[in-house]
Structure formats: structure tokens, C-alpha cells
2 protein chains.
Amino acid sequence: MANIREIAGLAGVSVSTVSRVLNNHPYVRDEKRQAVHQAMERLDYHRNLPAIHLSKGTTNLLGVVLPSIEIPYFGNIVEGIAEEGLKHDLQLVLIQTNYNVEKELEALELLRGSLIDGLIFTSRAASLKIIKEYNPHGPIILCEDSDQTDLPSVSIPHEKAFMDGLDYLLTKGHTKIACTLGRKQGTNSHKRIKAYQTIMDKINQPVREQWIFDKCLTIEDGIHLTENWCRMTERPTAFLVTNDQVAAGMVLTAKEKGIHMPEELAILSFDNQQIAKAMHISTIDIPIKQMGKKAVQFIQNTEKRSKVSLPFQLIERATV
Amino acid sequence: MANIREIAGLAGVSVSTVSRVLNNHPYVRDEKRQAVHQAMERLDYHRNLPAIHLSKGTTNLLGVVLPSIEIPYFGNIVEGIAEEGLKHDLQLVLIQTNYNVEKELEALELLRGSLIDGLIFTSRAASLKIIKEYNPHGPIILCEDSDQTDLPSVSIPHEKAFMDGLDYLLTKGHTKIACTLGRKQGTNSHKRIKAYQTIMDKINQPVREQWIFDKCLTIEDGIHLTENWCRMTERPTAFLVTNDQVAAGMVLTAKEKGIHMPEELAILSFDNQQIAKAMHISTIDIPIKQMGKKAVQFIQNTEKRSKVSLPFQLIERATV
DNA sequence: TTGTAAGCGTTATCAG
DNA sequence: CTGATAACGCTTACAA
């Protein structure tokens with residue numbers, strides 16, 4: 001693999017000149033520029049990225065932490081990040097964690113080790129305190145409804161959205177409402193739980209712990225949930241669930257069991273993916289891709305606010 | 001950011017010694033090792049990855065080319081790659097292409113530029129000829145049912161699988177069979193088309209070009225397809241479709257329109273994702289994750305064959 | 001066991 | 001406009 005020095009030799013110029021033409025600097029006489037180009041052609045020259053990275057101190061690589069790529073929500077964020085990243089010539093390094101703190105630390109070490117210029121957490125298990133310690137090494141963006149302002153964050157207002165969802169169920173006559181979460185420990189889930197408690201208080205309903213279902217993320221989970229619901233002695237009449245996948249699983253199973261929807265069982269979910277539209281599931285639209293894009297804009301310093309709150313929208317369909 | 005030289009100075013040893021303890025080399029007296037560790041602690045030392053990469057000539061970074069992360073099939077492959085990559089301490093660099101050849105070339109340039117040690121094409125638009133040219137710069141693996149042997153490939157035997165699927169539809173009494181593809185130009189699609197032609201010939205049916213639907217990948221596509229089907233003058237009684245998403249869209253719409261399945265319209269798909277099970281869709285299971293894993297094993301030289309053919313399995317459910 | 005020194009391939013400063 | 005030359009931070013012969 002020819003290097004810049006060999007090019008310089010063959011072209012009869014100095015390495016600096018070669019570097020200049022490589023980086024499209026002005027102030028290079030055209031003859032020399034041509035000579036360099038020819039030499040590069042002749043020796044089939046191609047730049048060595050790690051060398052450039054070392055010399056420059058930056059890599060144009062962006063780290064993305066996500067629990068699992070198979071959960072559409074995260075896939076969508078990545079899609080948004082990729083789309084916006086493309087504009088800024090950024091490549092993505094994916095760190096799949098399954099909410100394993102160790103893996104998240106590895107991602108942070110990539111930042112500290114200067115392999116990536118910035119890091120986006122689509123979700124996290126590690127504590128904010130730890131994450132913040134890495135901030136000096138590069139921008140870190142959180143895709144969550146965060147109250148702190150040390151780290152930029154982008155999200156919809158989950159508490160408000162969850163309250164709106166519950167209110168909607170209320171107006172439809174439901175008071176016995178259950179809900180599901182993806183991961184109770186998450187920031188977004190905390191907001192959702194808070195909203196749940198607020199509304200239950202407001203309508204003088206007890207907060208039944210067993211009506212807050214944790215770890216519900218997939219169609220499969222939705223199926224089990226409906227089966228579960230059938231066996232319950234005291235049954236909620238409505239569910240506000242994690243995402244459209246869970247809702248889909250619930251709806252499919254409910255239909256099979258001849259459960260009347262939405263009279264007997266109403267379901268409202270989050271995300272508004274294709275599947276929700278196809279199955280006429282009432283849902284709260286989240287601009288997921290947009291979140292990814294905004295996150296990149298934070299990295300690029302295009303976005304100056306420390307917290308961006310994106311709009312959500314309730315979509316009325318057939319399941320409520 | 002402290003570097004190896006400063007550590008050496010503080011610890012009273014040479015840089016080589018520091019490097020040795022950094023890389024767990026033997027032949028370092030314990031005292032010195034301790035001293036180095038202390039110095040690293042004191043100066044909060046952390047290695048600089050690009051420097052290591054430049055020096056070593058490798059990066060432990062693996063490139064993954066995929067059209068879109070939102071198509072579950074590709075997401076699954078990536079999941080498999082990530083899982084297996086984890087074992088070998090590989091990080092993933094994602095290159096989303098939307099079948100844009102330019103983007104694929106960029107990925108190949110990352111390989112040539114020594115940023116990634118290997119590259120996996122989960123699918124491709126670029127010609128084999130071009131891709132092969134980059135092989136000297138690192139291993140390139142194709143996730144497709146390829147006939148060439150210059151580049152390692154991993155796939156199910158698509159022609160056989162498609163024929164089996166068609167045969168199955170035949171045994172169920174269907175002769176007027178249509179099919180859908182994700183992208184006609186793809187290698188896998190070619191195999192599928194070939195199988196389609198073979199079987200249609202065998203049963204003396206014409207190959208109706210308008211019964212081969214291209215660009216069918218999503219639930220939405222499936223919905224349109226059924227709507228389309230309703231308007232057709234001559235209707236197929238069965239579809240062998242790209243994937244479970246398309247099938248799901250078709251089934252949902254068919255049910256809404258009161259179309260009798262499988263009598264009036266039978267559907268067989270590929271992949272066997274959660275949604276297929278949930279909706280009782282008959283499908284041909286593909287070990288997608290396994291494909292990703294095998295691809296990584298190729299990169300790691302764990303797999304010596306040039307072509308790996310994985311088993312598929314027809315899953316009988318309610319739509320045929 | 002340990003140290004010296006020569007890379008790895010660029011960029012960037014500074015003098016001309 | 002151009003060229004020396006010193007970084008960038010680490011690995012790895014080779015010697016000792």
C-alpha cells in the first residue's frame with residue numbers, strides 16, 4: 001500500500017504538498033497538483049484512515065448505544081441517526097447492549113479512546129453520574145425525557161403523553177386502567193409511572209401494582225398479556241401499553257378469544273408504526289426518526305438548547 | 001490526555017515496558033508492572049485507539065452493509081453479527097445504503113482505508129466484479145445464495161426453498177400461483193424467480209410477468225397487494241411472498257375484505273418472524289440470525305468452506 | 001527482563 | 001505557493 005511519502009517521491013514534491021492536494025487546500029500550483037494526482041493513480045494510492053484519525057484527533061465516527069436492534073423503536077432511532085449522519089459524513093458504530101451496563105461502559109471507553117467523536121444513548125442502564133464523567137471526551141446525547149441539563153437530551157414529554165393517553169381512556173369511560181412498560185427502571189418509564197399515579201389519584205382509583213406490567217416489548221409479550229388478562233380475577237377494561245408491538249399481540253389474541261374491543265378491552269399504545277395502522281390500533285405517535293436526527297444535530301452543535309422536547313400525537317383508531 | 005511516554009517517565013521505565021504491561025505481555029518484573037499501573041492510575045491514562053490501529057494495522061472493527069435497518073430481515077442478520085462479533089471482541093460499523101451503490105462503495109473504501117478489518121454484505125446492489133476488487137484489503141462476506149466461490153457466502157438455498165414452497169402450494173391444490181420479491185435484481189430473487197419458472201413449466205402454467213410483484217417488503221406493500229388482487233381480472237389463488245411482513249399486510253386486508261383464507265387466497269411467506277406466529281401465517285423459516293453468525297465466523301476464518309448453505313423449514317399454519 | 005529506536009501514515013507549524 | 005520537520009500515540013524488532 002503506497003503511502004503519501006511514495007507519492008511525494010514519484011511526483012517530485014514534498015509530503016506536505018501531497019497532503020494539501022489530498023485535502024483540497026488552495027495554494028497548490030496546478031502542475032504539481034496534476035503530478036500528484038498522476039502519482040496517486042499510478043501507485044493506486046488510497047488514504048489510511050487510522051493515520052488520519054490519529055493525526056487529526058477526530059474520526060467522524062459516531063457511537064450509538066442501543067439495547068437491541070430488533071425492537072422497532074430503536075431501529076427507527078438508528079434510522080434517523082443514519083439519515084442525518086449521512087449529511088454530516090458520519091459513520092455509525094453500533095453498540096448493542098441488551099441493557100448490560102458493562103457494554104455501555106465499553107461504548108464510553110470508545111469515546112474516551114478517541115475512536116468515536118460522540119455518543120448517542122438511545123436508552124441506557126448505566127447511571128447518569130457515570131456517563132457524565134465521560135463528557136469531557138466528547139458529546140454524549142440522551143434519547144430520554146431527562147430533567148438534568150448537563151447532558152443534552154431529546155424526547156417527547158412522556159409524562160404529558162401518558163397523561164393524555166390516560167385522559168383519553170377516561171373520556172371513553174374507562175377507569176380501571178392498566179399499563180405496561182418496557183423497562184421499569186428507565187427514565188421514560190418513570191415518567192409514565194408518575195403520570196399513571198397522578199391520573200389514578202385524580203379519579204380516586206388505587207394504583208394496583210399488579211396492573212403495571214414490566215418488560216413488555218414484543219408481540220409475544222402482548223399475546224401473553226391478553227392470556228394473562230383472561231385469567232385475572234379483577235380485570236382492567238383498558239390498557240395503555242409500551243408500543244405497537246405489544247398492542248398488536250394483545251389485539252390478535254383478543255380477537256381470537258372473541259373478546260370485544262374496545263367495549264370489553266380497550267388498548268392504546270405508543271409509536272404509531274406501520275403495524276398499528278394496518279391493525280387499526282389507536283396509538284400515540286412519536287416522531288422517532290426525528291429524535292435520531294435531533295440527536296445528531298446536538299452532536300454537530302447545530303442544536304443549542306440542552307433539551308429538545310418533540311411533539312407527540314394521539315391517533316384515534318379502532319382499539320379504544 | 002496522558003500518553004504512554006508520560007507513564008513511562010513517571011513509572012521510571014521505558015515506553016516498551018509500558019506497552020508490554022498494557023498488552024499483558026509476560027517478561028515484565030512485577031515491581032515495574034506495579035509502578036506502571038500506579039502511574040496510569042495517577043495520570044488517569046487511557047489508550048488512544050486510532051494510534052493502536054495505525055500501529056497494528058487492524059482495528060477490530062467490522063463493517064456491515066445493509067439496505068435498511070427497518071426491514072426486520074436485515075435487523076436480524078445484524079443481531080446475529082453483533083452476537084457473534086461480541087465473542088470476538090468486534091465492534092460494528094453500520095453502513096446503511098438503501099441499495100445505493102455509491103454508499104456500498106463508501107463501505108468498500110472503509111475496508112481499503114483500513115478502518116474496518118472486514119465487511120459483510122447483508123445484501124448488495126454493486127456488481128460482484130467491483131466488490132471482488134476490494135478483497136485484497138480484507139475479507140468480504142456475502143449473505144446471499146451465490147454461485148461464485150471467490151467470495152465466501154452464507155445463505156439458505158433459495159431456489160430449493162422457493163420450489164419447496166411452490167410444491168407445497170401445489171399439493172394444496174393451487175396452480176394459479178403468484179409471487180412477490182423484495183428486489184428483482186438481487187441474487188436471492190433471481191434464484192426465486194428461477195424456481196418459479198421451473199415449477200410453472202412443470203405444471204404447464206404460463207409464467208405471467210404481472211404475477212411476479214417486485215419491491216414488496218413491508219406490511220404496507222402487503223396491504224396494497226391484496227387491494228390489488230381484488231381488482232385483478234384473472235386472479236391467482238395463492239401467493240408465495242417475500243417475507244412475513246408482506247404476508248401480514250395481505251392477511252389483515254384479506255380478513256377485512258372477507259376474503260376466505262386459505263380457500264380463496266392462500267399465502268405462504270418467508271422468514272418466520274414473531275408476527276407470522278402471532279398471525280398464524282404459514283411460512284418458511286430462515287435461520288437469519290445464524291446467517292449473521294456464520295458470516296462473522298467467515299471473517300474470523302473459523303469457517304473454512306467458501307459457501308455455507310443453511311437449512312430452511314416449512315412451517316404449516318393457517319394461511320395455506 | 002528491559003530499553004532504544006524505527007516505524008505506522010497523516011497533518012500542521014513554520015520558515016522561506 | 002512549497003518544503004522540512006515535528007508531532008499524533010502506540011507497537012515491535014533488535015540489542016543488551
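First the proteins, then the strands, lettered A, B, ... as listed; each starts at 1.
- The distance from atom CG of A:Asn48 to atom C1' of C:dG7 is 13 Å, rounded to the nearest whole Å.
- For the segment residues 4-39 of chain A, the set of residues with a heavy atom within less than 4.0 Å of an atom of DNA chain C comprises A:Ile4, A:Arg5, A:Ser16, A:Ser19, A:Asn23, in numerical order.
- With hydrogens and angles ignored, the 3.5 Å screen pairs a side-chain donor or acceptor of B:Asn100 with a backbone N or O of B:Glu102.
- Rounded to whole Å, the distance from CG on B:Leu49 to P on D:dC10 is 10 Å.
- A:Lys293 and A:Gln290 form no side-chain donor-acceptor contact under 3.5 Å, judged by distance and modelled atom types alone.
- When distances are taken from the side chain of B:Asn3 to each of D:dT11, C:dG9, D:dG9, the shortest belongs to D:dG9.
- B:His46 has its NE2 atom 12 Å from the P atom of D:dC10, to the nearest Å.
- Rounded to whole Å, the distance from CG on A:Leu43 to P on C:dG9 is 13 Å.
- Partner B:Asn76 forms a side-chain contact (heavy atoms from CB on, under 4.5 Å) with one of B:Ile288, B:Ile81, B:Ile286, B:Asp271 and no other, that one being B:Ile288.
- Ion pairing between a basic and an acidic side chain is recognised when a charged N comes within 4.0 Å of a carboxylate O; A:Glu31 and A:Arg33 show no such pairing.
- As a whole-Å value, the separation of B:Met40 CE from D:dC10 P is 11 Å.
- Using a 4.0 Å cut-off between a side-chain N of Lys or Arg and a carboxylate O of Asp or Glu, B:Lys289 and B:Glu83 qualify as a salt bridge.
- If you take OH of A:Tyr45 and P of C:dC8, they are 14 Å apart, rounded to a whole angstrom.
- Judged by the 6.0 Å distance and 45° axis criteria, A:Arg183 is positioned over the aromatic ring of A:Tyr99.
- Using a 4.0 Å heavy-atom criterion, one finds that B:Leu54 contacts the bases of the nucleic acid, with or without backbone contacts as well.
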